[in-house]
Every structure is written in structure tokens, then in C-alpha cells.
Amino acid sequence: MKIDFKHNQSAHCENGVVSNLLKHNGHDISEPMVFGIGSGLFFVYIPFLKVNYAPVISFRPMPGLIFKRFSKRLKIKVKHYKFRDEKKAQIALDAELKNNNPVGLQVGVYNLTYFPDEYRFHFNAHNMVVYGKNDDTYLISDPVMEKVTTLTEKELGKVRFAKGAFAPKGHMYYPINYPEKLELEKAIKKGIKSTCRDMLAPIPIVGVKGIRKVARLIRKWPIKLGVKKANHYLGQIVRMQEEIGTGGGGFRFIYGAFLEEASVILNNPKLKELSYEITEIGDLWRDFALDASRIYKNRSSQEDGYKKVADKLVIIADKEENFFKKLKKAI
Amino acid sequence: MRKKDVPQDKSNLESASFKELCYALDENGEYVTANSSGWDPKTIALNNAIQEINERIEKAKTRVLNHQTSPVEYYMELHKMDITILASYVGMWSWRVKRHFKPSVFKKLSTKILNKYATVFDISIAQLKNIESDK
């Protein structure tokens, strides 16, 4: 069986699944809109949490949070299921498909056979839509892929029950109830306010202050950790910032697209100006990644190289502080 | 980022023949989506990370062959895991998994425990006991 489901590619999996499920239900909400209303733009440095042997630096909030805020702010009811038993999880999924209901699934990336090997890490908060089943093969719409794909029963079972941090436990979800009219204006304002609050938070590891903190650390890394580790850490930042999912520049360009859309909906030209401004800041993040890559490409110790990228981050932090203050006032 | 500047560098995405989606400004200053085949700075970052993992695997292999650690550690590295991830896959405490790295402890493990590891790594018990065996 195959549900008539339209696959749209997106930059980020969580926004993409939400946007595609909503479009399926007749609500034309773009990926940037989901991202903006769900307050997806973020920055946090978590020194005590290590991923891939480097401290976590994230440009987004906790997995699932964007969707949660988005649905709450638009008063959309979403049904979530988690399972202990793999067999029961499959039966529940098959029942939904039989009801002509495409569902979102949270899965682990490591065993996703259609991903290039190099991208298969133990990351458990990937999202996809299942929109049908032929014999023992599921039809999959993975929003980061250009085209739809498939997974066998066994393969899907494996990724739904991946283990480790954020283990999906068969997590399945779909919207069940929409309000009569989606009140975008209110939701957009709430989303923007919450992002400004996060980015300007008086917490040393969050938002603008977090960026400054990381800049200070980068200066110390080559001396404190040695070149090899310093380069590994620096590479990790660039990967979190640019790897599949962020749409480039640590989500700043998606946010620019959101502000552009928001300026039309709210009839507020100021937001369009700010959309350009965050785009320029996104370009600075790209410059930072480019300079950082020059350092770890040569695997050499250029101490002034680290200083230079750290200086860039400080400039970015200053610009973002200014930007989010203006954004807060604009709405 | 302008649409014309969306990078089209060679990358690891090529092997799966897909391009990722980016957001960029077009000539009229409006946001549009554009596909990118990859960008060198991040390809280098990814390749460095993979090289790092390969070095870890090689190191673990040498240590297994020198009887300094058990094959469990080698297979853990091979599957890009760390102790926490492996522990949650086999359903044991981290300290227990860590203990199984000791060759003397590993030698005495029951078939039941060995089976747990073999299932997670998708290999036979013979392969688990001898990392150079291919059956």
C-alpha cells in the first residue's frame, strides 16, 4: 500500500518532517516557518558532554524541542508513541499505514543503509516519514534526501530501536488535531521572542555569551591540549555548524528565510532588513569555518591561526548580540 | 549566502548521489532553496574525523594483538562506538563492559555474554574471539 504523500527535501530533518506532514494535511507551512516558530536557532557549549571525543557545541536546541514548541504555539495536537517491544512497534506502524496515515518516526542514523558510510554516526535523533509498505519494504520519505527511499522491515526495526543517547525507543508521531485557523502571527512573535531570550541569556555557556566563551577556549586549546586535539575540537565545531541539517552557517540562513516570510505575514518591513542582517552574520560563520578548515587541513600549529579564528568568533558574537537586541525591539 | 555562491565542491555525498539543500538569496534579494554537492571546509572536517576513527581502530587492533586489550574494544572502535553506547546496546553497566576489555576477563566470559557482543557487532563468536578470523 502506498499513501499519496508529497516528498519535499529540506535542510534539517526535524523541520522537514513537520513541514511535510502539515502539507499533507493541507497546511502549507514551509521549513523555515517551522524552524522559526519552534525557536530552532540556538547556541550552547556543553563542556561535560562529549560526542565523538570532543565537547558538545550545538547550534540547535534539544532534539524534539523545535517540534514541541511549534505545535504548542500553533495549538496543534500531536500524538506520540514509544514502545518497548520491537514487534509491537511494527504492528502499530502498520496499522497507521493501513489507515492511510503517514507517520513521523525518530530513528538512529548509524544503521541507515541509504546514507553514505561517512555520515553514519551514532546519532539517534534523526527524523523521517513512513508513507507506505510493499510486502516487507517500507516506503520512506527522509527529508534530507533529494528523493524518497525504502528500508526493509529488519532495517527499519534496527534504526527505530537504536541505543545510546536519545534512544528513539520506536518513537512514532503524527498530528491528530488542528485548530480551525492556524494563528501564525501570534506564534511567529512568540517564536522570535523566545529565540531572542535564549541568545541573549545571561548564562555563560548559552547564546552570545556561549560563543564568546568558545572563542576564549579556542585561544587556549593549542597550548592546553596540543595541536592534534585542538584541531579535532575545531573540526567538530565546523561539523556541528555546517553538516547536513543546518542549511549552512549554523542555521543562520534558514533563519533569514524565516524572517523574510515573517515580514510579509506580520507586514513588518523591519524584519526583512533583519533577514539581510542575519544572512550577513551567516556569511561570517561560513568565513569562520573556512579559516578553521585551513588550520586543521595543514595539521600544523599556527598559534596566530587559532587567535585569528577566535577573533572572528568574537566579532560574530558582538554582531549577534546587536542583532537579537534589534530583533526583540522589532516585534 | 548568495545563490551563485552555493558551493558545488566534491564531497562524500557523491557516493550516495544526492545533494543537500541550502537556503540562499537570489538576484532579487529573496530567499530560495538551492542544492549543494558539498563544501571543502566541511569535507575536510569530516575526513579528519574519519581518519581519527581509523587511527583509533588501528591502535585498538595492535593492542589486541599484543594482548593488552580484548577484541571487544577493537569491535567497539570499528563500530564508531564508545563505552556508553556499547553498554546500552548490550544492556550492561559501563564498568562491566570496561572490565571485559581485560584479556584475562574476556577469556572467561560465558557464551551467553559473548553472544550478546557478537549480536551487536553482527559477527560470529569465532570472529569475536579472534579479530583476524573471517568466519
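Every chain is numbered from 1 and lettered A, B, ... according to where its sequence line falls, protein lines coming before strand lines.
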Contact leader toward chain A among B:N35, B:I85, B:V6, B:N12, where contacts are heavy-atom pairs under 4.5 Å: B:N12
Within 45° cone and under 6.0 Å: A:R239 NZ/CZ vs A:F121 ring: yes
Check the orientation of B:H100 and B:Y117. Use parallel for under 30°, tilted for 30 to 60°, and perpendicular for over 60°. perpendicular
Can you tell which part of A:E260 gets under 4.5 Å to a heavy atom of chain B, answering side chain, backbone, both or neither? side chain
Start with the C-alpha distance between A:E273 and A:K270, add both sets of side-chain angles, then the distance that settles salt bridge (Lys or Arg N to Asp or Glu O under 4.0 Å), and finish with yes or no. CA-CA 5 Å; A:E273 272 170 48; A:K270 186 88 192 134; 3.7 Å; yes
Would you say the side-chain atoms of A:Q236 pair up with the backbone N or O of A:I57, donor to acceptor, closer than 3.5 Å? no
Given heavy-atom pairs under 4.5 angstrom as the criterion, report whether the side chain, backbone, both or neither of A:D117 touches chain B. backbone
Is it the case that atom NZ in A:K229 sees more than 12 heavy atoms from other parts of the structure closer than 6.0 Å? no
Between B:L46, B:T84, B:D40, B:I53, which residue shows the highest count of heavy-atom pairs closer than 4.5 Å to chain A? B:L46
Ring-plane angle category for A:Y110 and A:H122, please: parallel below 30°, perpendicular beyond 60°, tilted otherwise. parallel
Whatever's closer than 4.5 Å to a heavy atom in chain B on A:A167 counts as neither
With a 4.5 angstrom heavy-atom cut-off, could you sort out which part of B:R2 is near chain A: side chain, backbone, both or neither? neither
Residue B:L25 versus chain A: region with a heavy atom under 4.5 Å: side chain
State whether A:D291 and A:R294 are salt-bridged, where the test is any N-O pair (Lys NZ or Arg NE/NH1/NH2 against Asp/Glu carboxylate O) under 4.0 Å. yes
Tell me, side chain or backbone of B:D5 under 4.5 Å from chain A's heavy atoms, or both, or neither? neither
Hey, is the main chain of B:Q127 close enough, under 3.5 Å, to the side chain of B:Y75 for a donor-acceptor pair? yes
For A:Y53, which atoms come within 4.5 Å of any heavy atom of chain B: side chain, backbone, both, or neither? side chain
If you tally heavy-atom pairs under 4.5 Å against chain B, which of A:K163, A:E31, A:K147, A:M145 wins? A:K163
For each of A:L290, A:I237, A:L234, A:N52, tally heavy-atom pairs with chain B at distances under 4.5 Å, and name the one with the top tally. A:L290
Checking B:I50 against chain A: side chain, backbone, both or neither under 4.5 Å from a heavy atom? side chain
Using the six-membered ring wherever Trp is involved, compare the ring planes of A:F288 and A:W285 and label them parallel, tilted or perpendicular (cut-offs 30° and 60°). perpendicular
Where on A:K272 is there a heavy atom nearer than 4.5 Å to chain B: the side chain, the backbone, both, or neither? side chain
Note: vs chain B, highest number of non-hydrogen pairs under 4.5 angstrom among A:G235, A:S293, A:A257 is A:A257
